[in-house]
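To start, the structure itself, in structure tokens.
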Amino acid sequence: MTGAATARRESLWRVPQIRAVFAISFAGLSSFSITLAALPTWAAQIGHSESVVGTITGVMLAVTVITQLGTARLLHRFSTRTLLLIGSLLLGAPTPLYLLLPQLPSLYALSAIRGVGFAIVTVVGALAIPRAAPPERRGEAIGIFGLSAAIPMMVGISGGAALVLGGSFTVVALLGALPLLALLALPYVSAEDMGRAPRATVTLPRAAWRLAFPAGLLLAVTAAGGGLVTLLPLQRPTGAVAAIALLVFGAVGMVARWRIGAVLDRSGGGRALPVLLAAGVVGLVLAGLTLTGSATWLLMLGAGLLGLAYGGLQTVTLEMCFRRLSGSDAPTASAVWNAAFDAGTGVGAAALGFVGATAWGGTGALLLGAAAIAAIGGAGLVASRRRANQTGTPAEGT
């Protein structure tokens, strides 16, 4: 019996580093997600303008993106353990300080510090878990990393929204310090593997060009998700509709992001990409048209369809990024992917949140997001098929 067959049968959860990095990533994403919808809503509650509260998340994610693009170099100089320690401290420690420093400049500053920590945790986690798995099970490992983000996104976004709408932002701020507790798992994280990784063979600009389609598509779908989680509590400030819709969005996204990884290992992308694109566009249209109406079930359906695209496309695009670059450039692939993810979330929270406060309203903002996914996804599929016809290789999404 071959070692590969044995590895295939064994659960990846038995690998100590996968369990440890999962715990740290889970805590980091919990800190991020519980404040994602709650912080802008709380800022509006204490008197800051609704037209600017989304920029608090935008500032955090702008710093996150800048840091992520530089983290690939850090991965060649420091160990996984060291980077996760620094990232968790910077992400978790400032969160309770929101309660003591509620002025807008202070909210920006604290969010910027958290953005640095969040960047490090996400880039390292997205690379460390797949690297700890056998190469033929990379999609499954990516799914496990996705689960460490998807569960917090499911529970944290809706839970944070419910807490702040119930007047309990103090609980949100304290739970945001969870990354400090997760450092108990740090001894089980390797102290060498990242620091001894092979040097990159491609520059960051060239890597970004090669990853333009998956990164652009990820940016569009996460912008739509960021817009939804910002707009829903603002458009539905009373009752449980906003919290339930965000729970549906997060739950469907969690399952899609986790389970699609094993599908990628068995059969590649298949027809998943166009199906996920269609789900995202239809979901945004339904959510936009029913955002403030009485057809609550259509709003839930729209949130679920967007969640399917939001979760599934994250795993699909990360696998595409790793596949388009060599193994020695995996840190750069992880950095570009994470930068696109957080840039999209920040654009959605800030830009779509701003559009939602104008005459376009929340409906116009979400329809704009649907148009972006359709345009980028459609253009990417057409370009991929043209390239496949020229080279004779399979097209992505076919």
Side-chain angles (χ1 to χ4, degrees), residues 13 22-23 25-38 41 122 140 142-166 172 175 178 218 221-233 235-236 239-264 272 275-288 290-291 295-318 341 344-345 348-349 366 369-370 373:
W13 294 102
F22 178 92
S25 176
F26 181 95
L29 269 294
S30 295
S31 176
F32 168 75
S33 61
I34 200 171
T35 58
L36 185 61
T41 304
T122 52
E140 183 182 353
I142 290 173
I144 290 175
F145 166 71
L147 191 63
S148 74
I151 294 176
M153 295 295 282
M154 178 188 70
V155 179
I157 293 174
S158 58
L163 285 169
V164 74
L165 292 174
V172 172
L175 289 175
L178 188 61
L218 179 67
V221 75
T222 51
L228 184 73
V229 300
T230 299
L231 290 168
L232 257 179
Q235 299 284 332
R236 297 265 191 163
V241 172
I244 294 174
L246 290 176
L247 181 61
V248 170
F249 168 73
V252 176
M254 177 195 72
V255 175
R257 188 172 182 183
W258 174 33
R259 297 309 303 165
I260 202 171
V263 174
L264 295 176
V275 170
L276 292 172
L277 289 172
V281 172
V282 174
L284 276 167
V285 170
L286 288 176
T290 58
L291 193 59
T296 303
W297 72 273
L298 283 175
L299 175 61
M300 300 301 168
L301 177 60
L305 287 172
L306 179 59
L308 175 64
Y310 184 83
L313 285 173
Q314 287 176 50
T315 297
V316 169
T317 53
L318 181 55
F341 178 96
T345 305
L366 295 185
I373 292 177

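All figures in this text were calculated on a predicted structure; none of them were measured in a lab.
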- [ ] Return the set of residues passing side chain to side chain donor-acceptor pair (under 3.5 Å) with S33 (not counting sequence neighbours), or none when no residue passes.
- [x] none
Task: L313 side chain near I373 side chain, heavy-atom distance below 4.5 Å - done: no
Task: Validation row: T296, T290 side chains within 4.5 angstrom (heavy atoms) - done: no
Task: Side chain to side chain, M254 and Y310, heavy atoms closer than 4.5 Å - done: no
- [ ] Evaluate the side-chain proximity of S25 to L29: yes if any heavy-atom separation is below 4.5 Å, no if none is.
- [x] yes
Task: Nearest heavy-atom neighbours spanning T317 and L218 - done: OG1-CD1, 3.7 Å
Open item on the list: Closer than 3.5 angstrom, by distance alone: can the side chain of T222 be matched with the main-chain N or O of F341 as a donor-acceptor pair?
Closed with: yes
Open item on the list: Measuring only between side-chain heavy atoms, which start at C-beta, is L147 closer than 4.5 Å to F22?
Closed with: yes
- [ ] Can you see which heavy atom on P233 is nearest to which on A37, and at what distance?
- [x] CG-CB, 4.3 Å
Would you list the atom pairs, donor with acceptor, under 3.5 Å between side chains in residues 300-308 and any protein atom, with sequence neighbours excluded?
none

- [ ] Kindly check if the number of other-residue, nucleotide or ligand heavy atoms within 6.0 Å of CH2 (W297) is above 12?
- [x] no
Task: Heavy-atom closest contact (W258 atom, I144 atom, distance) - done: CD1-N, 4.4 Å
TODO: Check whether any side-chain heavy atom of L299 sits under 4.5 Å from a side-chain heavy atom of L232, and report yes or no.
DONE: yes
Open item on the list: Working to the nearest 0.5 angstrom, can you tell me the gap between Q314 CD and I142 CD1?
Closed with: 12.0 Å
TODO: Drop me the distance from F32's CZ to T122's OG1, to the nearest 0.5 angstrom.
DONE: 9.0 Å
- [ ] Find the distance between CD (E140) and CZ (F145) and round it off to the nearest 0.5 Å.
- [x] 15.5 Å
- [ ] Please confirm whether the backbone N or O of G28 pairs with a side-chain atom of S31, one donor and one acceptor, at under 3.5 Å?
- [x] no
TODO: Specify the closest pair of heavy atoms between L284 and L366, including all atoms of both residues, with the distance to one decimal.
DONE: CB-O, 3.8 Å
TODO: Write down the atom of R257, the atom of G146, and the distance for their closest heavy-atom approach.
DONE: NE-CA, 3.2 Å
Open item on the list: I need the minimum non-hydrogen distance between A309 and L276, along with the two atoms involved.
Closed with: CB-O, 3.2 Å
TODO: Find the distance between OG1 (T35) and CG (L175) and round it off to the nearest 0.5 Å.
DONE: 10.5 Å
